[in-house]
Each structure stands twice: as structure tokens, then as C-alpha cells.
Amino acid sequence: MAAELDMVNRDPNDINDHIKVQFEDILAEPEGVHSIDCVWSNSYKCFNGCKNFCYTFMTLCCGICIAAEWGCEFGYIAFLHIWHITPCFKLLEINCGCIQKLYGMCIHCCMDPCVEGCATLFSRRKD
């Protein structure tokens with residue numbers, strides 16, 4: 001069942017926490033250097049108004065199309081993983097399992113006699 005769309009908290013996982021920009025994060029007048037109060041307060045209003053208008057206008061013009069494109073992109077990725085990548089991994093797992101068994105048999109066939117010979121040789125050694 002699909003989760004209910006939260007119209008208040010639209011970034012519940014804080015994935016865009018890094019772009020939370022406020023006026024105070026961009027413009028600041030240090031002590032001793034202040035503009036006229038009306039300039040500062042109107043700059044605040046202008047900054048927020050322009051930022052909000054620009055974001056609203058751009059999402060109005062492009063948001064639905066971009067969301068559709070990302071939906072198609074992630075749908076394609078899901079399709080690719082389900083129908084191609086995961087089966088390829090399974091194929092590799094099966095084939096590598098056979099190669100691993102063959103490699104193990106060859107190593108045991110060639111190395112076991114040498115290792116057993118060395119073990120016998122060193123087991124006779126007394127300190």
C-alpha cells in the first residue's frame with residue numbers, strides 16, 4: 001500500500017538539508033558596518049521574495065516534466081536490475097562456483113602431496 005503524501009514535511013529524510021539557505025547565511029553586516037535599516041529590511045524581503053518566486057516559477061514550468069523524467073530513469077534502473085543485472089550476477093555466481101571447484105581440485109591434486117611430504121619431513125625432526 002502506498003504511503004500517504006506528506007504535504008507539510010516534504011523532505012522527511014533530510015536529503016536536501018545542505019541547501020537550506022536563509023538570508024542570514026548569505027548576507028551579514030559585521031558590527032560597525034551597517035546599512036540603513038530600511039535597506040537591510042527591504043533586502044531581506046527582496047532576497048526571500050525573489051528566491052521563493054524563482055523556485056515557484058521554475059517548479060511550475062519544469063517540475064512535473066523533470067519528475068516524470070526521473071520517474072522514467074528510476075523505472076529503467078529497476079527494469080535493468082530486475083531483468084538484466086541480477087540474472088547476470090546469478091550466472092556469474094553459478095559459473096564461478098564451477099571454476100572454484102575445478103581450481104580447488106587442481107590445487108589439492110598438485111599441492112597436497114608436497115605439503116604432506118613436507119609435513120612428514122618436519123614431523124621427524126626433533127629439537
Heavy-atom neighbours of Ile64 CD1 exceed 12 at 6.0 Å: no
Backbone N/O of Val8 and side chain of Asp6: donor-acceptor pair under 3.5 Å: yes
Distance (rounded to the nearest 0.5 Å) between Thr86 OG1 and Leu80 CG: 9.0 Å
Within residues 33-55 or reaching into it, pairs that qualify as side chain to side chain donor-acceptor pair (under 3.5 Å) - sequence neighbours excluded: Glu29-Ser35
Whichever hydrophobic residues join Leu5 through chains of side-chain contacts under 4.5 Å: Met7
Any Ile85 side-chain heavy atom under 4.5 Å of Lys90 side chain: no
Value rounded to 0.5 Å, distance of CG in Asn95 from CD1 in Ile99: 6.5 Å
Atom pair CZ (Phe23) and SG (Cys46), whose distance is rounded to the nearest 0.5 Å: 9.5 Å
Neighbour count >12 (heavy atoms, 6.0 Å) for atom CD, Glu24: yes
Connected via hydrophobic side-chain network under 4.5 Å: Phe74 and Ile66: yes
Cluster overlap Ile82 with Ile77, hydrophobic side-chain contacts below 4.5 Å: no
Which atom of Asp11 lies closest to which atom of Asn16, heavy atoms considered: OD2-N, 3.0 Å
Side-chain donor-acceptor contacts of residues 102-119 below 3.5 Å, not counting sequence neighbours, with atom names and distances?
residue : atom : partner : partner atom : Å
His108  : ND1  : Asp112  : OD1          : 3.4
His108  : ND1  : Asp112  : OD2          : 3.3

